[in-house]
Amino acid sequence: MSHDLFEAAVAAMKHAHAPYSKFPVGAALRTEDGRIFSGCNIEVASYPEGWCAETTALGQYIMGGGGRITGIAVVAERMHRITPCGGCRQRLAEFADADTKLFLCDDTGVVETVTMGEMLPYGFKGSILK
Ligand code: THU
């Protein structure tokens, strides 16, 4: 089950626009009805304006209709077992559950599986704003 997410993340990584960092990243997430959404990092010459692979995948997910997220995979060409940055943890937590599985990958496949709750303990919850 995690392997196809890994494959989707690797395929997305090939689209990375990372001419400045030369650090391509791919992310893929699955909804409970089996749809897969993926994304790559997109850098901009004005560096702070670029964004992460997870964020691109979330944009695809929202435009594709959203839904309950059951798994997320992240891979980076140049890093063994990449973990999402702090901002992406918060963005992923907006749509995933604490028990959603996060598959941390290297170029061979899933290296470690953790939950979103483990990735973002004590994260800010927006429920109070509603
Ligand atoms: N990056 C991601 O795409 N996801 C992360 O979770 C960490 C970092 C990207 C942003 C930037 O394009 C490059 O990796 C180097 O920081």
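A quick note: this is a predicted structure, and the numbers were derived from the prediction, not measured. As the structure lists them, so they are numbered: ligands from 1, and atoms in each ligand from 1. Only heavy atoms go into these numbers, but all of them, side chains included; no hydrogens, no water, no symmetry mates. This chain uses plain numbering: 1 for the first residue, then up along the sequence.
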> Any link between Leu5 and Ile82 through a network of hydrophobic side chains (Ile, Leu, Val, Met, Phe, Trp, Tyr) touching at under 4.5 Å?
Replying inline: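 Shared cluster, no.
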Closest protein heavy atom to [atom], given as residue, atom name and distance to 0.1 Å:
atom	value
atom 6 (O) of ligand 1	Glu54 OE2, 2.7 Å
atom 9 (C) of ligand 1	Asn41 ND2, 3.6 Å
atom 10 (C) of ligand 1	Cys52 SG, 4.0 Å
atom 16 (O) of ligand 1	Phe23 CD2, 4.8 Å

> Could Arg68 and Asp97 be called an ion pair, given the rule that one side-chain N must be under 4.0 Å from one carboxylate O?
Replying inline: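 Judged by the 4.0 Å cut-off on N to carboxylate O distance, Arg68 and Asp97 do form a salt bridge.
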> For ligand 1, which part of Ser21 has a heavy atom less than 4.0 Å away: the side chain, the backbone, both, or neither?
Replying inline: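 Side chain only.
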> Hey, do the aromatic rings of Phe95 and Tyr61 have their centres closer than 6.0 Å?
Replying inline: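 Centroid distance Phe95-Tyr61: below 6.0 Å, so yes.
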> Under 4.0 Å from atom 1 (N) of ligand 1, is there any protein heavy atom?
Replying inline: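 Given the 4.0 Å cut-off, atom 1 (N) of ligand 1 counts as touching protein heavy atoms.
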> Sequence neighbours excluded, which residues qualify as side-chain contact (heavy atoms from CB on, under 4.5 Å) partners of Ala57?
Replying inline: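 Ala57 satisfies side-chain contact (heavy atoms from CB on, under 4.5 Å) with Ala27, Leu29 only.
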> Is any side-chain heavy atom of Pro84 closer than 4.5 Å to a side-chain heavy atom of Met119?
Replying inline: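 Touching, per the 4.5 Å side-chain cut-off.
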> Do Asp107 and His80 have side-chain heavy atoms sitting under 4.5 Å apart?
Replying inline: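 A side-chain contact under 4.5 Å is absent here.
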> Which ligand 1 atoms are under 4.0 Å away from a heavy-atom of Pro84?
Replying inline: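 Going through ligand 1 atom by atom, the ones under 4.0 Å from Pro84 are 6 (O).
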> Quick one: which ligand 1 atoms are inside 4.0 Å of a heavy atom on Val25?
Replying inline: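 Contacts of ligand 1 toward Val25, numbered from 1: 1 (N), 2 (C), 3 (O), 4 (N), 9 (C), 14 (O).
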> Between Ile36 and Asp4, which heavy-atom pair has the shortest distance, and what is it?
Replying inline: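 The pair with the smallest heavy-atom distance is CD1-OD2, 4.0 Å.
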If I apply the N/O under 3.5 Å rule, does [X] come out as touching ligand 1?
X	value
Ala53	yes
Ile82	no
Glu43	yes

> Angle class for the Phe6/His3 ring planes (parallel below 30°, perpendicular above 60°, tilted otherwise)?
Replying inline: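 Ring orientation, 0 to 90° scale: tilted.
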